[in-house]
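Below is one structure, written out as structure tokens; the observations come after it.
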Amino acid sequence: MNQPLAGYAPAPVTTRMENHGDHMLKVALQTGNDLFARVGSMVAYEGFVQYEPNPPAVRQIAKDWMTGEGAPLMKCSGDGLLYLADYGADVVVIQLDGDGISVNATNLLAFDAQLTWGVERVKGLAKFAGQGLWNTKISGHGWVALTSRGKPIVVDCGGGEDETYVDPDALVAWSPNLKVKGKRSFKAGSLIGRGSGEAYQMAFSGQGIVVVQPSEDSTDRLRVRG
């Protein structure tokens, strides 16, 4: 290999999912251990890998995607190495061990097909956002890969009485056991937060984490369904 390029070669496989740099995901596929991935995210693969767009498990909740609460997925199966990316976004890999995570659908890159998942309403926000906000909840034992527009921060809510406030446009994911409510900023208005300019934030409390991205792109926000 040309010496200047040697440092970019893939590292030996050590686990099911791992980062190759900050912006690419490497997945070790094995027969019987399928993967759901965002449509269009494949950038390269080695070995024998098959793709099935809109598989039956995905069609069950396709009605939610029609209103913008999710992103089309493909099922990836076979034996080999699969590389995924999302237009240069940072990739965050999470291993679930019987717990769960609630994810903004536009930040969902891939997850193990055996995990339990579905679209659900975010409780406690209806009066701030019309009919409420919707997210994708994933739980069980397996791997999940998220994307972030820039290097994210993971905030530990600590389990105390204090609340953690997040601009909805910057939110990537959170522990589903956290309590969520909206807070309207009557005095500050759109001076708080940089994305949509909306005068409310999401307040989290309890035991768990919140993942926040530095980019507050309104196209990446939680989806509102009227």
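Any value given below was found using the heavy atoms of this structure, including those in side chains, with hydrogens, waters and symmetry copies removed. The first residue in the sequence is number 1, and the count goes up from there. Quantities reported herein were computed from a predicted structural model and do not represent experimental measurements.
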Approximate separation, where rounding is to 0.5 Å, of [X] [atom1] and [Y] [atom2]:
X      : Y      : atom1 : atom2 : result
Ile138 : Asp99  : CD1   : CG    : 11.5 Å
Ser77  : Gln30  : OG    : CD    : 13.0 Å
Lys179 : Trp174 : NZ    : CH2   : 16.0 Å
Cys157 : Glu163 : SG    : CD    : 9.5 Å
Asp112 : His141 : CG    : NE2   : 12.0 Å
Leu108 : Phe36  : CG    : CZ    : 11.0 Å

Keeping [X] on the side-chain end and [Y] on the backbone end, is there a donor-acceptor pair under 3.5 Å?
X      : Y      : result
Arg38  : Leu73  : no
Ser175 : Asn177 : no
Asp167 : Gln201 : no
Asn104 : Ala173 : no

- Task: Show the numbers, then the answer: is there a side-chain contact (heavy atoms from CB on, under 4.5 Å) between Phe204 and Val166?
- Result: CA-CA 8 Å; Phe204 297 88; Val166 179; 4.0 Å; yes

With hydrophobic residues grouped by side-chain heavy-atom distances under 4.5 Å, do [X] and [Y] end up in a single group?
X      : Y      : result
Leu178 : Met202 : yes
Leu84  : Ile94  : no
Val13  : Trp143 : no
Leu109 : Val144 : no
Val39  : Leu35  : yes

Shortest non-hydrogen contact from [X] toward [Y]:
X      : Y      : result
Leu96  : Gly140 : CB-O, 3.3 Å
Leu115 : Trp117 : O-CD1, 3.4 Å
Pro214 : Lys151 : CD-O, 3.4 Å
Cys76  : Leu29  : O-CD2, 4.1 Å
Gly150 : Ser148 : O-OG, 2.6 Å
Glu46  : Val49  : O-CG2, 4.1 Å

- Task: Determine the sole option in Asp90, Asp86, Asp169 for which the salt bridge (Lys or Arg N to Asp or Glu O under 4.0 Å) test with Arg149 is passed.
- Result: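 Exactly one option meets the salt bridge (Lys or Arg N to Asp or Glu O under 4.0 Å) with Arg149, and it is Asp86.
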
Is the closest side-chain heavy-atom distance between [X] and [Y] below 4.5 Å?
X      : Y      : value
Tyr165 : Val210 : no
Pro53  : Lys75  : no
Lys137 : Thr116 : no
Thr164 : Ser205 : no

- Message: Go through it in stages, so that I can follow the logic: the residues are Glu52 and Asp34, the test is side-chain contact (heavy atoms from CB on, under 4.5 Å), and I'd like the CA-CA distance, side-chain angles, deciding distance and then a yes or no.
- Response: CA-CA 11 Å; Glu52 180 185 357; Asp34 298 339; over 6 Å; no

- Would you please test Tyr83 and Met42 for side-chain contact (heavy atoms from CB on, under 4.5 Å) and show each step? CA-CA 6 Å; Tyr83 297 90; Met42 188 279 291; over 6 Å; no

- Message: Checking Phe48 against Thr31 for the side-chain contact (heavy atoms from CB on, under 4.5 Å) test, could you report, in this order, the C-alpha distance in whole Å, the side-chain angles of both residues, the deciding distance, and whether it holds?
- Response: CA-CA 10 Å; Phe48 179 73; Thr31 299; over 6 Å; no

- Intermediate values then yes/no, side chain to side chain donor-acceptor pair (under 3.5 Å), Gln213 and Asn107: CA-CA 10 Å; Gln213 63 187 3; Asn107 295 95; 3.2 Å; yes

- Task: Scan Asn19, Leu146, Val93 and name whichever one has a side-chain contact (heavy atoms from CB on, under 4.5 Å) with Leu25.
- Result: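 Checked Asn19, Leu146, Val93 against Leu25; only one passes side-chain contact (heavy atoms from CB on, under 4.5 Å): Val93.
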
